[in-house]
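Below: the structure, in structure tokens.
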Amino acid sequence: MKTCILTTDTYLNHDTGGGHPEKADRVTVVINHLKKIKPKNLIWEKPEKFNLKYLNLTHDKNYLSNVKNSFPKEGLNFLDGDTIVSPGSKKASMDAVESMLTAIDGVMKKKFRNAFCAVRPPGHHAEKQKAMGFCVYNNIAVGAYYLLEKYNLSKVAIIDFDVHHGNGTQNIFYNNKNVLYISTHQYPYYPGSGAESEKGIEDNILNIPLTAGTQSHEFLNAYDSIFKKLKKFKPEFILLSAGFDAHKDDPLAQINLESKDYYTLTKRIMTLSKELCGERLVSILEGGYDLNALKESVDYHIKSLTEDK
Ligand SMILES: [Zn+2]
């Protein structure tokens, strides 16, 4: 079985203005690299249309109508200080959600083994009622609701290894014991949330704050307690908020991972997903702002996702 890359070219039209770190080149370098090296066991698909009810489960009705009205006819519009939308953002942000749901369908229907969504805008900072940190819709949260509602699952785990805390995903699932949200992140740091004491309604949130300057081995060691927690929860599906900004070269944070650490980390998650949920796993791009580090890190991530058992 293959690994599927979900993407479209509409991300190119999500314009965040000159000098913004969350720019189209981020996805372009990833796609161009994968097309050039052609890893074995890789297929490509485009996202399919989805029922908007899953977006409505994730976000507040007023928020969704505000966002819908915020896409400008021309120029740029600010949803918050650093979340900027352009005319093309409307389609790009829907395609990001659609990619996640199409990826889930493919894995659930055994069309492919696992998937990586190469999309933007990212999603994990978007709360139920608030756009934030370059994120419009919380792509991965819509995915978790989709698994709970459409596929009737009752245990979905989200692992977020982006260097920033996924305040949005935590906010959306804080009171939902069907979703286990786990995050490793630099702390204290943007967005401010992610203390160990934030545990959710039924211990369904696990925050592992890491200090600036954390090295590879310390970061990877943090996953020992995460795996313990996952084994206890017994997820039926694992979703990955795959941000690659904990890389040592990333300009937006100060954690010191090497590119190859993303192979080790993904490999460990893959092994666990095999043991716990028949390898049902979908990964979606969140952050990662040094283009070369992002390209290399995704390469290692995909290497592990595509590797024969
Ligand atoms: Zn990030």
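Keep in mind that the numbers below use all heavy atoms, side chains included, and drop hydrogens, waters and symmetry copies. Read the numbers this way: they start at 1 and go in the same order the structure lists the ligands and their atoms.
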Side chains of Arg268 and Asp224, heavy atoms from C-beta outward: is any pair under 4.5 Å? yes

The N/O/S atom of Asp245 lying closest to the Zn ion (ligand 1) is OD2

* Student check: side-chain heavy atoms of Val67 and Val136 closer than 4.5 Å -> yes

- Over 12 foreign heavy atoms within 6.0 Å of CD, Glu196: no

Here the N/O/S atom of His164 closest to the Zn ion (ligand 1) would be ND1

The Zn ion (ligand 1) -> Asp162, closest N, O or S atom is OD1

Heavy-atom closest pair (Ser297 atom, Phe244 atom, distance to 0.1 Å) is CB-CD2, 3.5 Å

